Amino acid sequence: MLSESHIALDCPACRETIYAALSWFKQTYATCPHCRHGLAARQFETSIADLEQAMDESIEEMLYGPKSGGCCGKPSVGGGGCGGDEPDAGAG
């Protein structure tokens with residue numbers, strides 16, 4: 001995920017939404033623009049990690065398609081076609 005990407009997270013002190021660059025939330029120390037409460041980067045670590053993972057998965061899906069096994073979204077069964085119970089007629 002790009003550091004220049006803007007995200008919105010709630011301040012743990014006042015619960016107001018802070019909309020800022022990802023790098024702002026990763027600063028060692030920052031101040032909430034709403035309540036002026038001091039904020040440490042560790043307060044946002046879990047949320048940022050979840051967002052970065054979701055973004056990475058989204059990018060991979062855009063590049064390589066969904067992780068499903070076939071056109072119907074079901075995984076391939078027994079080496080057969082698109083999630084069906086029977087192998088492809090031409091396989092073998």
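All values derive from a computational prediction rather than experimental measurement.
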Heavy-atom closest pair (Phe25 atom, Ile7 atom, distance to 0.1 Å) is CE1-CG1, 3.5 Å
When you measure from the side chain of Glu57 to the backbone N and O of Ala54, does any donor-acceptor pair fall under 3.5 Å?
no
Distance in Å, Glu52 CD paired with Ser5 OG, rounded so as to fall on 0.5 Å steps:
9.5 Å
The reported gap from CD1 in Ile48 to NZ in Lys26 (rounded to nearest 0.5 angstrom) is 6.0 Å
Separation of Leu9 CG from Gln43 CD (nearest 0.5 Å)
11.5 Å
For the CZ atom of Arg15 and the SG atom of Cys32, what is their distance to the nearest 0.5 Å?
11.0 Å
Can you tell me how far the CZ atom of Phe44 sits from the OG1 atom of Thr46, to the nearest 0.5 Å?
11.5 Å
For Leu39 and Cys11, the nearest pair of non-hydrogen atoms, with its separation, is CD2-SG, 4.1 Å
Any chance you could measure Ile18, atom CD1, to His34, atom NE2, to the nearest 0.5 Å?
6.0 Å
